[in-house]
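Everything below concerns the one structure shown next.
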Amino acid sequence: MVRVRFAPSPTGKLHIGGLRTALYNFLYARHHDGDFILRIEDTDQTRKKEGAVQDIIDALHWAGLDFDEGPGKEGDVGPYYQSERKDLYKKYVDQLIEQDHAYYAFDTSEEIDQMRERLKKSGNPSPKYDSITRQSMKNSLTMPQDEVERKLENGDEYVVRLKVPRRETIRFEDEVRGYVSFESKGLDDQVLLKSDGMPTYHLANVVDDHLMNISHVIRGEEWLSSTPKHMLLYEYLGWEPPVMAHLPLIMSPSGGKLSKRKAEQEGIPINTVDYRELDYEPEALINFLAMLGWSPGDDREILSLDELTEEFSLERINKSGAVFNYKKLNWYNEQYMKEKSPEALLDRVREDAAEFGFDEVSDDYLLQIIPLMQERATRVPEIIEEGRFFFEEPEEYDEQAIKKWKDDSDELVKRFLEKVEQISETEFEAANIKQAVKEITDEKGVGFGKVAMPLRVAVTGQGYGPDLFPTIEVLGKETALDRIRRALQELG
RNA sequence: GCCGCGUUCGUCUAGCCUGGCCUAGGACACUGCUCUUUCAAGGCAGCGACACGGGUUCAAAUCCCGUACGCGGUACCA
């Protein structure tokens with residue numbers, strides 16, 4: 001049974017890198033008919049942010065990545081908040097201590113700082129609390145047992161550290177990178193239990209993955225270096241480690257991990273909710289993110305969540321970091337927008353319209369506008385932003401548009417008015433309006449644009465825009481002709 | 001610094017495991033053409049890459065070694 005988990009810490013909004021990690025976990029689970037679990041890694045009480053968990057849940061739901069077990073959706077192995085599992089870890093910590101794989105340490109943070117200072121001065125560039133250093137620190141390995149017991153009874157503050165062996169090669173297989181090995185002498189005696197009684201990530205994630213029957217750990221590459229510590233823990237606890245797969249990082253266009261700071265500098269929205277607020281299509285974001293570090297192996301670019309699920313495999317994940325390409329995301333969004341039915345976009349467009357104060361617009365009217373605009377917009381809000389003339393008379397004409405009103409435009413537009421006035425309200429349709437223009441171009445021997453361009457300017461105030469004749473039809477005879485008469489006055 | 005991981009067009013990638021089919025394919029972006037009532041979209045074309053150096057081999061983007069560069073880690077953060 002495949003069981004994977006997405007285990008974010010609730011320190012803020014779910015960022016785009018986290019979403020991709022969640023996506024890969026989701027795809028792997030679904031591909032294998034397995035379970036996708038959400039676990040909240042809130043062992044650092046100081047970094048916890050109000051509302052973060054809800055944001056994560058909402059973001060996953062918006063993206064279509066609903067989990068099978070997690071907060072608010074209890075399975076058999078909960079709770080799904082590590083802070084609520086605090087008591088569970090104690091047992092394993094005791095076991096490790098008893099088996100001499102962990103020990104109590106009473107050093108204050110000042111003392112540890114001093115140790116680091118001292119070692120640095122003597123030429124050690126990266127001082128560690130390790131098999132050598134621990135011999136000169138205050139811990140249950142160096143102190144007489146009765147003193148250790150006294151301290152514990154007194155309630156003195158302590159942490160529990162992993163007793164990393166002095167010389168040992170730790171080798172494990174990563175599904176993405178193949179065999180990876182580390183020398184234990186490069187590791188430090190990682191704190192497992194903090195002085196506030198909370199486990200560190202390293203302990204909690206190993207214990208929870210085991211207790212929750214996680215079969216595959218799919219997480220970011222930033223965890224690769226701490227995996228050997230986790231492997232040691234599995235070994236000491238006598239557990240079979242899950243399959244490991246470390247994902248390449250999402251990089252900023254300027255290089256380096258795409259951090260919040262960098263993203264902001266480069267104008268890239270970093271949180272999932274930002275994309276939701278910008279009104280991107282979640283399918284587009286998902287498709288784009290899936291392709292950042294993975295590919296189906298052929299030339300397909302557009303894949304639905306179902307298709308991604310069908311095709312997904314860990315073997316096809318890339319090893320190197322992928323730069324976030326905002327323009328490509330926009331291209332994806334355009335592709336998905338074009339495919340949507342106008343009805344599917346209606347609710348969102350209506351909201352956008354209301355924001356501009358166009359709140360008494362009928363669905364029927366909106367449904368006429370959407371098809372005209374959706375194929376040329378990058379995001380849904382542009383339908384209204386770029387199509388304001390559908391709701392209000394253009395206040396002024398674009399500078400660029402005015403240039404398209406030429407010397408002979410007056411005459412041609414007047415002729416158009418004469419012809420179109422003859423058309424009845426019910427016959428005021430795109431084809432008939434276009435026919436009128438056609439007749440004028442024939443009779444005056446001018447190009448189509450000669451007539452159409454001034455009309456566009458008159459009706460929309462813009463020199464660009466959707467197909468002109470349906471636009472005029474949608475506006476209706478009265479409105480369209482009023483605008484044309486006004487343009488004749490102002491531009492003529 | 002040390003440890004680990006990585007390196008194919010500007011970017012995302014296919015190809016690498018199982019050397020020859022690679023004159024290295026696709027997508028985004030960019031440029032031009034085309035279509036067209038405009039701007040887009042679409043169609044067509046162009047630009048553009050195997051980091052470098054050694055091996056191994058009849059043959060290397062593909063296998064091996066080294067160098068350079070990039071990234072990650074180096075906390076009582078995850």
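What you are looking at is a predicted structure, and each value in this text was computed from that prediction instead of being measured.
Between A:I170 atom CD1 and B:C3 atom P the separation is 15 Å, expressed in whole Å. One interatomic measurement links the two molecules: CZ of A:R20 to P of B:C12, which rounds to 12 Å at whole-angstrom precision. The nearest whole Å value for the distance from the CH2 atom in A:W294 to the C1' atom in B:A27 is 14 Å. Distance CZ (A:R171) to C1' (B:C5): 16 Å, rounded to an integer number of Å. Distance A:N325 CG to B:U13 P: 10 Å, rounded to the nearest Å. Between the P atom of B:A40 and the CH2 atom of A:W331 lies a distance of 19 Å, rounded to the nearest Å. Residue A:Y179 contributes atom OH, which lies 15 Å from atom P of B:G6 at whole-angstrom precision.
When each of B:C5, B:C12, B:U38 is scored by its nearest atom to the side-chain atoms of A:L292, the top-ranked nucleotide is B:C12.
The residue among A:G449 and A:K338 whose nearest nucleotide of RNA chain B lies closer to the 5′ end is A:G449.
Side-chain contact check for A:T46 and A:D44: at least one donor-acceptor pair (N or O, by modelled atom type) lies under 3.5 Å. Between the side chains of A:H246 and A:D174, a donor-acceptor pair is found at a separation under 3.5 Å.
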Worksheet item: So A:D208 and A:Y80, side chain to side chain donor-acceptor pair (under 3.5 Å) or not? Walk me through it.
Response: CA-CA 9 Å; A:D208 289 344; A:Y80 295 87; over 6 Å; no
Practice prompt. Decide side chain to side chain donor-acceptor pair (under 3.5 Å) for A:D410 and A:W405; before the verdict, give the C-alpha distance in whole Å, the side-chain angles of both, and the deciding distance to 0.1 Å.
Written response: CA-CA 8 Å; A:D410 269 49; A:W405 192 283; 3.1 Å; yes
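Backbone-only contact: A:G293 has heavy atoms under 4.0 Å from sugar-phosphate atoms and none from a base.
Pairing of B:A61, defined by two Watson-Crick or G-U wobble distances under 3.5 Å, is not identified with any nucleotide. Base pairing analysis places B:C16 opposite nothing; no Watson-Crick or G-U wobble pair with both distances below 3.5 Å involves it.
With A:Y24 as the aromatic partner, A:R20 meets the cation-pi criteria of under 6.0 angstrom to the ring centre and within 45 degrees of the ring axis.
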Practice prompt. Encode nucleotides 15-26 of chain B as B, S and - characters from 5' to 3', where the letter depends on protein heavy atoms closer than 4.0 Å: B to the base, S only to sugar-phosphate, - to neither.
Written response: S----------B
Worksheet item: Can you give one letter per nucleotide of nucleotides 69-78 of chain B, 5' to 3': B if a protein heavy atom sits under 4.0 Å from the base, S if only from the sugar-phosphate, - if neither?
Response: --SBS--BBB
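When the C1' atom is compared between B:C3 and B:C17, the two are found 27 Å apart, to the nearest whole Å. To the nearest whole angstrom, the two C1' atoms, one in B:C22 and one in B:A68, are 27 Å apart.
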